[in-house]
Amino acid sequence: MPLDPSLPDDLAWRGLLAHTTDLDALREALAAGSVRYYVGFDPTAPSLHLGNLVQILTARRLQDAGHTPYLLVGGATGMIGDPRDSGERTLNSADTVADWVQRVRAQIEPFLSFEGDNAATMVNNLDWTGGLSVIDFLRDIGKHFPVNRMLARDTVRRRLESGISYTEFSYVLLQSMDYLALFRDHGVTLQFGGSDQWGNLTGGVELVRRADGASVHAFATPLITKTDGTKYGKTEGGALWLDPDLTSPYAFFQFWLNVEDEKVGELLRIFTFLPRAEIEALEAQHAEKPFLRAGQKALAEHVTTLVHGAEETARIQAASAALFGGGDMGGLSADTLGAALREAGSVRLDRADGLPGVLDLLVSAGLAKSRGEARRTVTEGGAYVNNVRVTDPDHVPSSDDLVGGTWLVLRKGKKSFKGVEVV
RNA sequence: GGCAGGUUGCCCGAGCGGCCAAUGGGAGCGGACUGUAAAUCCGUCGGCUUUGCCUUCGAAGGUUCGAAUCCUUCACCUGCCA
């Protein structure tokens, strides 16, 4: 694949270069030939999430520009855990980590090409750490890490108050060793990761320099935050997962559709492959008529398509149109409504059991965690059956309320829809 | 190993024998305003068969008519001394 010389400018324009080791040297390297680069994913959960998607897409951008990806899934680093501010991690069992390694690999694979002269390669750092002895590790790797420097790292410094185990303190050595191993075995000379990984990235660069006297590169992508500075990628359920079983494609789509105005441009640049001109046109339109939310719609459509495919995205768009179209549910056919509700999430009830009251409906549909919470929602005026507000906690829908004889549309607040299918 | 302080609801953090399901802030949730945005304002925020009942304040015992609050033991964390 021919090199695309515009890559560094494109990365910079998209805001993906939050930190770089030596930008000029990196530009030179990227212009000189197909650079072998790597990005790592630690299996600390059964699925990757929004933050990881930035790395996956960035990896794809580099590959599209002619460079050669090495995707590392951290079977070893995942056994240890990167220190984080929220405190010491609980260690996961080897079986769990091994299982997650498989899942994470499978999630990454569709995004990259494993064919051609710059085909991607999957690697697992367990391969070069599994057989390593402690003595070799301390002599060959540990010797290159001054503890005083390690102590100065932000995350470590913050953790010194609350406490940090030797295990997590040592994490940076493992990740740095990955870079050295990939440099030696595969000629990898570029690593990137999230900006929260910057310390680990430079740790690797430093190790390669000290151990082998070579100069390699690293850059960090920005941390995606809301305008108030808090972390992005949170939805009611917690993190926004790429796995459709953990975060439904419908919820995923809705997340993007609801992105705050100020962030649309930034997110379009980072999370879509739309060309610059198109993004700038969307931004201009958005600035002029923000209420149309053209940016959010494009963002939701493109990112959902990337992760869940065009077909699923089309179904979600139809579902959203039906549910948010407002007004009378009776105007929709049972088929249309049923399809929409299945996207949004629905539960089945047996007709023979009779229709439960609103409170139980809200709970069984998952819109409320307890009857107490359901009661509160109703009392606060946030509960709707078929888009009609219900204010009586004891209200029981009748079979006349069933749209098309089968569906009940439950809504909590402005935008949480669930279907109840009575069969 | 010794001394001192701490462990409270999703998070931070008050309470220091009854008026405590527990002040306050944040997050969350609902309402109003909008554009399925942001900001703002209001309400809400353990569970239930909800004018009452049940389970919570690190764990287990104890004192008391009555404890998150007092005592004992245990676990963990922080600081000072060895």
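Letters A, B, ... are given to chains in the order of the sequence lines, protein chains preceding strands, and every chain is numbered from 1.
Between B:A32, B:A38, B:G35, one nucleotide has an atom nearer to the side chain of A:Glu260 than all others, and that is B:A38. Among the nucleotides B:G47, B:A38, B:G30, the one closest to the side chain of A:Ser370 is B:G47. Here B:C29 is the nucleotide among B:C29, B:A38, B:G35 with the atom lying nearest to any side-chain atom of A:Lys412. Here the side chain of A:Pro290 is nearest to one of B:G35, B:A37, B:G30, namely B:G35.
Sequence neighbours left out, not one pair with a member in residues 289-310 of chain A passes salt bridge (charged side-chain N to carboxylate O under 4.0 Å, His left out). Applying the side-chain hydrogen bond (donor to acceptor under 3.5 Å, both in side chains) definition to pairs two or more places apart or across chains, those involving residues 136-147 of chain A are A:Ser133-A:Asp136. Residue pairs meeting the side-chain hydrogen bond (donor to acceptor under 3.5 Å, both in side chains) criterion with at least one member in residues 344-356 of chain A, sequence neighbours excluded: A:Arg348-A:Glu421. The list of side-chain hydrogen bond (donor to acceptor under 3.5 Å, both in side chains) pairs with a residue in residues 389-409 of chain A, not counting sequence neighbours, reads A:Tyr384-A:Arg389.
Partners of A:Tyr250 under the ring-ring contact (aromatic ring centres under 6.0 Å, His included) rule, at least two apart in sequence or in another chain, do not exist in this structure. Under the rule for a ring-ring contact (aromatic ring centres under 6.0 Å, His included), A:Trp128 has no partner lying at least two apart in sequence or in another chain. Residues forming a side chain to side chain contact (heavy atoms under 4.5 Å, CB included) with A:Ala339 (at least two apart in sequence, or on another chain): none. Looking at residues two or more places apart in sequence or on another chain, you find a side chain to side chain contact (heavy atoms under 4.5 Å, CB included) between A:Thr44 and A:Asp42, A:Arg89. With sequence neighbours excluded, the residues that form a ring-ring contact (aromatic ring centres under 6.0 Å, His included) with A:His308 are A:Phe252.
Straight-line distance from the NE2 atom of A:His286 to the P atom of B:G35: 13 Å, rounded to whole Å.
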All N/O contacts under 3.5 Å from nucleotides 42-44 of chain B to the protein, with atom names and distances to one decimal?
from  : atom 1 : to       : atom 2 : distance (Å)
B:G43 : N2     : A:Glu380 : OE2    : 3.0
B:U44 : O4'    : A:Glu380 : OE2    : 3.3
B:U44 : O2'    : A:Glu380 : OE2    : 3.4

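Within 4.0 Å of A:Gly372, counting heavy atoms only, lies at least one base atom of the nucleic acid. Using a 4.0 Å heavy-atom cutoff across all strands shown, A:Gln254 reaches at least one base atom of the nucleic acid.
Taking only side-chain nitrogens and oxygens, A:Tyr384 comes nearer than 4.0 Å to OP1 or OP2 of B:G31. The phosphate of B:C10 (OP1 or OP2) has no side-chain N or O of A:Lys369 nearer than 4.0 angstrom. In this structure, A:Lys414 does not reach the B:C33 phosphate: none of its side-chain N or O atoms is under 4.0 Å from OP1 or OP2.
Nucleotides B:G5 and B:G15 place their P atoms 16 Å apart, quoted to the nearest Å. When the P atom is used for both B:A68 and B:U56, the distance is 9 Å, rounded to whole Å. Taking the C1' atom of each, B:C45 and B:C10 are spaced 11 Å apart, rounded to whole Å.
Secondary structure note: stems in RNA chain B built from 3 or more consecutive Watson-Crick or G-U wobble pairs under 3.5 Å occupy B:1-7 with B:75-81, B:10-12 with B:24-26, B:28-32 with B:40-44, B:46-48 with B:52-54, B:58-62 with B:70-74.
RNA chain B is contacted by no residue of residues 352-365 of chain A, taking any non-hydrogen atom closer than 4.0 Å.
Salt-bridge check for A:Glu380 with A:Arg376: failed, with every basic side-chain N at 4.0 Å or more from each acidic carboxylate O.
Within the model, atoms CE of A:Met122 and CZ of A:Phe41 stand 8.0 Å from one another, a figure rounded to the nearest 0.5 Å.
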